[in-house]
Structure formats: C-alpha cells, structure tokens
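Quick one: the structure is below, questions incoming.
The chains referred to below are lettered A, B, ... by the order of the sequence lines, with proteins before strands, and numbering in each begins at 1.
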Amino acid sequence: MPQSAEKILDHGPLFREPEYQEMFARKKACDGAASIDATALQSEYTKGWEYREKNFAREALVINPAKACQPLGAVFAAAGFEKTMSFVHGSQGCAAYFRSHLSRHFKEPCTAVSSSMTEDAAVFGGLNNMIDGLANCYSLYQPKMIAVSTTCMAEVIGDDLHGFIGNAKAKGSVPEDFDVPFAHTPSFVGSHIDGYDNAIKGILEHFWKENPVVAGSTETINIVPGFDGFCVGNNRELGRMLDMMGVSYKLIGDAADQFDTPSDGEYRMYDGGTTIDDLKAAKGAKATLALQHWNSRKTLEYAASVNQETASFHYPLGVKATDELLMKVSSLSGKTIPEALRLERGRLVDAMADSQAYLHGKRYAIFGDPDFVQAMARFILETGGEPVHCLSTNGGKEWAENMQALFDSSPFGKDCKAYAHKDLWHLRSLMFTEPVDFLIGNSHGKYLERDTKTPLIRLTFPIFDRHHHHRFPVMGYQGGLRVLITILDKLFDKLDAETNIAGETDISFDLTR
Amino acid sequence: MPGLDPGVRAFPVPFREDTFMSDSYENDGKAHEQYITQVLAQYPEKFAKRRKKHLSVAKAAEVEPDAPVGEEGPLLTECEVKSNIKSIPGVMTIRGCAYAGSKGVVWGPVKDMVHISHGPVGCGQYSWSQRRNYYVGTTGIDAFGTMQITSDFQEKDIVFGGDKKLDKVIDEIEQMFPLNGGMSVQSECPIGLIGDDIEAVSRRKGKEIGKTIVPVRCEGFRGVSQSLGHHIANDAIRDWVLDKSAEAEWEAGPYDVNIVGDYNIGGDAWASRRLLEEMGLRICGNWSGDATLAEMERAPKAKLNLIHCYRSMNYICRHMEEKYGIPWMEYNFFGPSQIAASLRKIAKHFGPEIEAKAEEVIAKYKPLVDSITEKYGPRLKGKKVMLYVGGLRPRHVMTAYEDLGMEIAGTGYEFAHNDDYQRTGHYAKPGTLIYDDVTGYELEKFVEKIRPDLVGSGIKEKYPVQKMGIPFRQMHSWDYSGPYHGYDGFAIFARDMDLAINNPVWDLFDAPWTDGGELLAAAE
C-alpha cells in the first residue's frame, strides 16, 4: 500500500509506485491507442526537417498559440482605473475565463461582470441584458465607472454598445452622468493587445470627446503602459524613475495596486488605479507616450488627433531601451536625468560586464507579445547573446520587419529570424532542427522545455506555474538587473546540473563561477 | 482581524478517542435566514425577487436519529431551491458556458483524440491545461490532452463561414498528428450564429480519413451554464461514438464495469480504479479521464455503469440503460464512510464473491483510514466549511469533511438541477445555508458573516476569501494537488485541509501596532 499517514505521497510520487505503474500497463495493453513503436517512430519524425516543412506549410490549423482574445485585454485595461468594474457584454462563460486567466497569473482576485446573453439574446439582441446588467452591477458593486467590452457573440449579432448604453441610461439603469465607456472587442480580430488598445482608446474618448481642456495646457506627460503581466513591478519602477526626475506624469491605466492588494483581513474589490479626474485632466497633457507600441497604435492615433505629441517604445527593458525612454521623457519635460539614475545604469552595465563571459554567444528562442519579444531580443543582443528564433503569434509583418532591422544592427543578430503569426508548435520544430541554449517566454513554454530539454526562463504573461515574479520589475535599469539575474540563475543551475554526478561529471563542478 | 481567535487556529484540540464523525451537528438556520434577507436588500427589487428563489436554509426532515448519511439513506433535510435558470445579467455569476461543459469537462480528457476549439482563439487558450485531467501518453504524438488546438477564426471566417477552414484544419491535423484516434469539433459561440454546417463537414471528412470526427454544438450562448454543454456532449457520444460499439474489440467478462463521470483530476480516476480492480471488477471504459476513443466505443459491452459525476454524465447512462439494457449506479468515493458504503453497494450488484472481496478491501484500508483520522481529526474537528462548486461535489464531499469531524455550514452549486438539490438533502444538516448560482456579492457577504474556517470553491473565489483571512482550497482543481478520490486520495485530502487551515500565515494578518486594522493609540 503506497499511502500512509506518516508519509503522504502527492500525485507525483504516488503514481510512480508499482501498484499504479502495473495498473497503467494493464490499461495500456487494451486501450486501443497507438502502439509504443509507432509512438516512438512518430516522436522522432517530428524532430526532423521534413516535419518542420510540413509544419510551416500549415494554413488553417493553429497549435498552441501564444495569444489570447481581445476582451481579455479590455478586462485587464479596465483594472487600471479607480473603482472600475469590467462589464463583458455577451456570453457569460467568457467573463469566467478572463477572471480565471488573470487570477491564475497574478494570484489575486479579478472581477468582471457579464451580461449573460443566451439563445434568446442571440435572436433578439442583448439590449435587455445591458439594461438589467448595468442596473445590477451598479447597485451590487457600487463602482465609479463601468467599462464595457464585448465577446464574439455580441459582435457577431452586431449589438451596438453606444446605442444600448444610451438606452440603459434612459431607462435609469445608472444615472445619466455615470461614466460607462465602452469598446467593441471582437475576438476574431487581432488579439488581447488589440483589446487593450481598443479599451484604453474607448476610455480616453469617453472622457476627452466633449472635454474643453486643450492639449499642451499642462506640462504633464501621459504614459500608456500596455498589456503587461508584470504591471505590478513595472508601473511602480517606472513611477520611481520618473519621480527621481521630477517629471509630471500620469499613467493612463495603472493596475499595479489592483493586482497586488495586501492580506490584512479586508478584501478590497477595488484598489488604486487612474482616477476619473486625472483622466479628464490628461487631455491637457503635452504628450502621450506608449510603452508598448504594438499595444497602443489606436490609442496613440487618438492622442495625436487631439494634438498631443506622441511617441512609443517597445517595452523598455535593458540598457539602451531604458536610455531612450529616459531621454525622451527628459526632452519632453525639460527635466534632466539625475546622477542617481546614471549610477543605476552603471550598476546594470557593471553586472553585465561581470557576467559577460557566460552570456556571450548563448543562443535563445524567445516568444510572447510583439513588444516583449522585441525588447527581450534587444537585451539579449546587449549581452552578446543571439536571439535565434523570435516568435510572436500576434506580431505582424511590420513587427517582423522591425525585428529584422534590430538583428541587422548587431553582429550577434546575423543568424536570427523573426516569425510573425506563428505558434508554439512551429517553435517546437525550430528548436528541434536548430537548437538553442535557452527558451524565454511564459508558462506555456514548459511543454517545449519538456520536449526539447531546453531550459525555460519565464519572463512574460502568463506565468501560472511560478509565483510572484510579476511583483518585481523587468523594465528600467533595475528591471534589467532582475532579468539578467533570472537568466544567469537558470544558466548556472543548468551548468551545475550537468556537472553534479560524483566521480563522473563533477570534474567541472566549480565552486566559483 | 475582528472575530478571529488566533489560538483556535494554531493549536489543535486535544486528541479524543471517540469517533470524529460529526453527524450530530446543526447549523444556525435562523442566522442564515437573516443573511439571505440582508444580501437580497442590496438588489434592485425585481432581481431581489428572482434571487430569493435560489437561496434557502436546509429544513430538518423527520428521520430516525441514527439514519445513515448518503444517498442510500432517507432525506435528512429539505434543500430545494430554484436551479438551472438563466443567470441575472451584471451580478458576477461564477458560472461558465456550454463550451466549458463540453470541451473543458466531458470531451477534453479523451486523450487520443484531437479536440478542435472551433472559432476564435480565446476559449481554447483560457481552458488550456486547466482542468488537470491526468493521462498517460506522449503529448503531441499519441495523446493531445494538454494542447490548445484551434481554428483561430478571423473576420473573414465569420463573414464567409468557417466550413472550408474546418475542412483544411482536419487535413492538417492528420498531417501533424497521424496517430490521433479521432477528432472532435468543439463549437464556440460564432459557429451557431453564422450558420456553419459542422455536421456535414465532420461526416464527410470522417469518411475520407477513416476516423471518427465528432461535431459538438456546444456554443457558449446555449443554455444557462456548463450544464447544457455536458448534455450536448453526452448526446454527441450517443450519436457519433456508441453507434460504432458493435464493431469494438472487447471480449466481455462477467465483472466488466465502466467508470462514468470521473475526469481523473489529479489522478482521481486512477485512485478509484485501483479499488474497483482490487474487489475483482474489470474496467471496460473510463469516461472520460485518461480515456481513449476505443474505450468509449466499447462501453456498451460492460455489465454495469458506475457514475461518479451524476450531473455531467447521467444522460449517457440513461441512454445506455434504455438502448443496451445496462443498469447504472451512483457512487461516492470521497471519504472513507462513503467509499465503504459505495463499495458495498457496487459489490451487492455482483453477488457474494465480489461482496466478500469488497469487505476485504474495506478491511485492508481501515488501518490507513484510522491513522489518517487519528492524525488529522484532532486538528480539524469542529471546523466549519463552506462549499461552492459545480454540480456534484457540493454534496459528495460533505461526508469526507465530516469523516474528519468537520462541519458544513453552507453549500451550493454553479449548475445543479432540481434532482441535485433533492439529493443534497441526503447529506446536508438542518440549518445549512443553500445557495444556487451564487453571485460574487452574495458569496462574499455570506463568507464574511459566517466566517467559516475553510472555504472550498474555485480560482475566482480563492483570493478574495484568503484576503479576508479565511483559509481556502480550490475544489475544482484540488488546488493543484489530488487525487482526492479513493483511500489514497482521502489521505491527501485530509493533509490538504489541515495544511490550509493550520498554516501560521493566517495569524500574521494584523500588524502588532494596530487593533483589527485600526491604529492603536500612541504609547503614553
């Protein structure tokens, strides 16, 4: 009997006990699935060039994509505003999925209501669901703002949010002057980063459209962070740097506190976030900066249309990307970059120099949202590494061109390639045929780590199987240091694991590395 | 924290020799009635009326004092509320959709089939690897459980229809995964709205490649919860799988049974299968945890269907009874008292030889059970639990807690039907708070007022409850632990409930310079 009160076995060791292993064998003998030989043969075949070619010839099938759908981005965006409830108009299962998905990453509560549309709403439209839904949401959860997005069901039947919300207000669901910004977020267009963009643009339009404030009437700089699973650490780090510079700035959507509430006995359904007053005033800013270009194209276009200066970055991570952000902020604000930040920069460079021997020439595969991949590849180039396979399911042609320009800018980028609109099954073929030393991405990469035995470094959303990394920044010089250490830890752990058999491989089991 | 006595949590009560079965407690029904009134006051009038029908307090039935607990015994209480009705918009229902019920629950675990999330990318992405349906197999080669395979609809697919794309997707799956045993097409919302004919494509392509392709009409907008997705998935098994059962290779034996409605979460079905095999039964098919299509096809050759999750798979059991004359029986493998009762009930069906073996199995595991309850009983006795889960566990796990001396203060289901609430009366004690399709607001208030020692629910509920300083276990995914079924699982269950409740972190919530969050007066 494997189990005992003294030593309770978890599922891992429990199912390795002989009682279970024998049972599995009995079951396998008659389960009608592929034979062990056929499996071994096919397994080998998937590692070769021929399979790779077939794999890349796929036109319709998507396997293990690294992207989610638009309304997830809208729900994330809404979490960045003070006392704001997300209202997902359409099927209710979607809202349950978004909440679960974000909670599993942040290990935090995530709220969103649904208008719970079913068959009758598919036929007659979801107007009544909107009317009742806004009324219930308003009285139960007492938000200051309700941010509406849509699921594909509402989009396919063509529900008109603007008209519906107006109707609901006329029926008294919420007060006439209550803020209900909205965004159409069809899941069959783009990905979660477009949903984020649409939601932020919708919120800005709501507060800026009939707002007499004139752009440039204040010295403030608006900053749109983008969809960021590391928002908790990053937004705070960004604020710290800008405060050191004495810059007047406002984050347009800041979910750092919402996804990092303390445990002290009180459940805070709402915490932190950009206030409505700040949102209104933000129209007067002289400029709007987007930290993630591919997440914010429509938002920036809108900011430009109200005569704000705009600029965008690709997830400012590492030395040069942080330099560029700070210099842009400095030139916009007229504030100098303080000596303290120059010293921080120097400390990051110092750390990179100390460890360069181990990083030089290392080969990487990187996947994730387009701005993240761009940022990560750039940092890897700064360390003398080669970002050989850079893949983004939601990156486009223009992104791939940007990536190529980046590769061309460094001798370490010579053999590197960007893959837009490709998925993690493509990446599996790339990693088998052209192996790399490390894989950088999110938790979904663990299946690639298992299959190809390439160590996975988790540095982007979603991270389900490691805890709390998102509470620390990866942007800025401090963030760069953290990314550097995360990579180095994995590298040294691997080195030790490869040299730790006593009397066999431990010749190189060095105490000092 | 107000109302929290840290001493109670950190130190177990002294060990007592008597049984820990807590079959004599009663909940404070009057207080629970008040809580219902209080939460309803927050709703607009029209919706307070509607929600009222879903909330109740279990009323005592007239029973003998030592009547057995469980579905073989009499009703202990009356727990009926309105159920399986549309959720109210805007209230933060915890429910999911029909796709979740079909792809996520019933079909997803069938390991050698490729399940196509047919439509936009999201549904498959959010449900990817989240149910923890364990299986043995080489993923991507002969098993496909922890993969996200989708037709990733784009705008043009919505406008021009997705049937051509589905056709191509099926061809490409054959190219990429030639060892697949078949496929299923799991419809997402747009499919039913744009008029695609996935049945025609499935039938034609199935013939072409010589494999089973099952179209499932589980669009998320159908029905009121996951429940209709279960039903639709069952119907698809009936119409597209069982019709091949005549040709299935399986030499029928006298003790062949199917395990139905065990999804092998954290290995549950394995911990159960072991016990059934030990008592001399042979498992013909396992639905659907760690299942292959072949195991499902041959199921009509079994002598008895054993159903664990009644809510999600009773439909197919009824069908097999009608069409193939196979009887079915519910069982409960949570906690030793129900495991023993279930083993005896199952054995009775097969006669004295199996009955004797069942007694041997029960006797074999008794020392393990005793040592578990001796170890954890004193640490858990009298602890109050609130549950809110899917369609079965809100009643089935109650007795597992009671086996450890714990008490159930409240329970409710996301997607139960009337018969589930009736069955709940076989388990629930008088005064238990009953909530159907509870809203985020209601659950938060109920938990705040009752302040149980443990809440068992899902990922969306976990963090709000823990922020209040109340221990929590996810009771869908076993919080990444498990199995919880069978005797091996009970050991893990007991350990997990103890580690949740008796972890020292719950005593660290208050900063010492505050009193329940209020700053103490400055020292003189």
Check your understanding: Is there a side-chain contact between A/E266 and B/M468 (heavy atoms, below 4.5 Å)?
Key -> no

Check your understanding: Looking at B/P464, B/C97, B/G96, which one has more heavy-atom pairs under 4.5 Å with chain A than the rest?
Key -> B/P464

Check your understanding: Does any heavy atom of chain B fall under 4.5 Å from the side chain of A/S114, the backbone, both, or neither of them?
Key -> backbone

Check your understanding: Taking it one step at a time, do A/F15 and B/W270 satisfy ring pair (Phe, Tyr, Trp, His ring centres under 6.0 Å)?
Key -> CA-CA 9 Å; A/F15 295 133; B/W270 293 331; 5.0 Å; yes

Point to revise | Side-chain donor or acceptor of A/Q42 paired with backbone N/O of B/F177 under 3.5 Å | key: no

Check your understanding: Do the non-hydrogen side-chain atoms of B/S481 and A/D10 ever get within less than 4.5 Å of each other?
Key -> yes

Review point. Looking at A/S91, A/G133, A/A33, A/A34, which makes the most heavy-atom pairs under 4.5 Å with chain B?
Key: A/G133

Point to revise | Lys/Arg N to Asp/Glu carboxylate O, B/E277 vs A/R26, below 4.0 Å | key: yes

Point to revise | Test salt bridge (charged side-chain N to carboxylate O under 4.0 Å, His left out) applied to B/D290 and A/K27, step by step | key: CA-CA 10 Å; B/D290 192 39; A/K27 185 174 183 295; 3.4 Å; yes

Practice item. Going by the side-chain contact (heavy atoms from CB on, under 4.5 Å) test, name the single residue among B/D152, B/T150, B/I173, B/I149 that passes it with A/I63. Key: B/I149

Check your understanding: B/Q154 versus A/F188: any side-chain heavy-atom pair under 4.5 Å?
Key -> no

Check your understanding: If you measure only the distance, is there a donor-acceptor pair under 3.5 Å linking the side chains of B/K467 and A/T261?
Key -> yes

Exercise for review: Sort out for me which of A/C30, A/S4, A/A135, A/A95 touches chain B most, counting heavy-atom pairs under 4.5 Å.
Suggested key: A/C30

Check your understanding: With distance as the sole test, does A/Y51 use its side chain to make a donor-acceptor pair with the main-chain N or O of B/M176 at under 3.5 Å?
Key -> yes

Check your understanding: What part of A/M117 is in contact with chain B, defined as an atom under 4.5 angstrom from a non-hydrogen atom: side chain, backbone, both or neither?
Key -> backbone

Check your understanding: Does B/Y480 offer a backbone N or O that forms a donor-acceptor pair with the side chain of A/H11 under 3.5 Å?
Key -> yes

Exercise for review: Check whether any side-chain heavy atom of A/V156 lies under 4.5 Å from a side-chain heavy atom of B/C189, and answer yes or no.
Suggested key: no

Review point. Does any donor atom in the side chain of B/S129 or A/Y447 lie under 3.5 Å from an acceptor atom in the other side chain?
Key: yes

Practice item. Count the heavy atoms of every other residue, nucleotide or ligand shown that sit under 6.0 Å from CG of B/L508, and state whether that count exceeds 12. Key: yes

Point to revise | Ring-ring centroid check A/F464 B/W128, cutoff 6.0 Å | key: no

Point to revise | NZ/NE/NH1/NH2 to OD/OE distance under 4.0 Å, B/D171 and A/R58 | key: no

Practice item. Using the salt bridge (charged side-chain N to carboxylate O under 4.0 Å, His left out) rule, collect all pairs that involve residues 35-44 of chain A, keeping only residues at least two apart or in two chains. Key: A/E44-A/K47

Check your understanding: Looking at B/G458, B/A271, B/G285, which one has more heavy-atom pairs under 4.5 Å with chain A than the rest?
Key -> B/A271

Practice item. Verify whether one side chain among B/D488 and A/Y20 offers a donor that lies under 3.5 Å from an acceptor in the other. Key: yes

Please tabulate, for the side chains in residues 137-144 of chain B, all donor-acceptor contacts under 3.5 angstrom to protein atoms that are two or more places apart in sequence or on a different chain.
from	atom 1	to	atom 2	distance (Å)
B/T139	OG1	B/Y135	OH	2.7
B/D142	OD1	B/T138	N	2.7
B/D142	OD2	A/T39	OG1	3.0

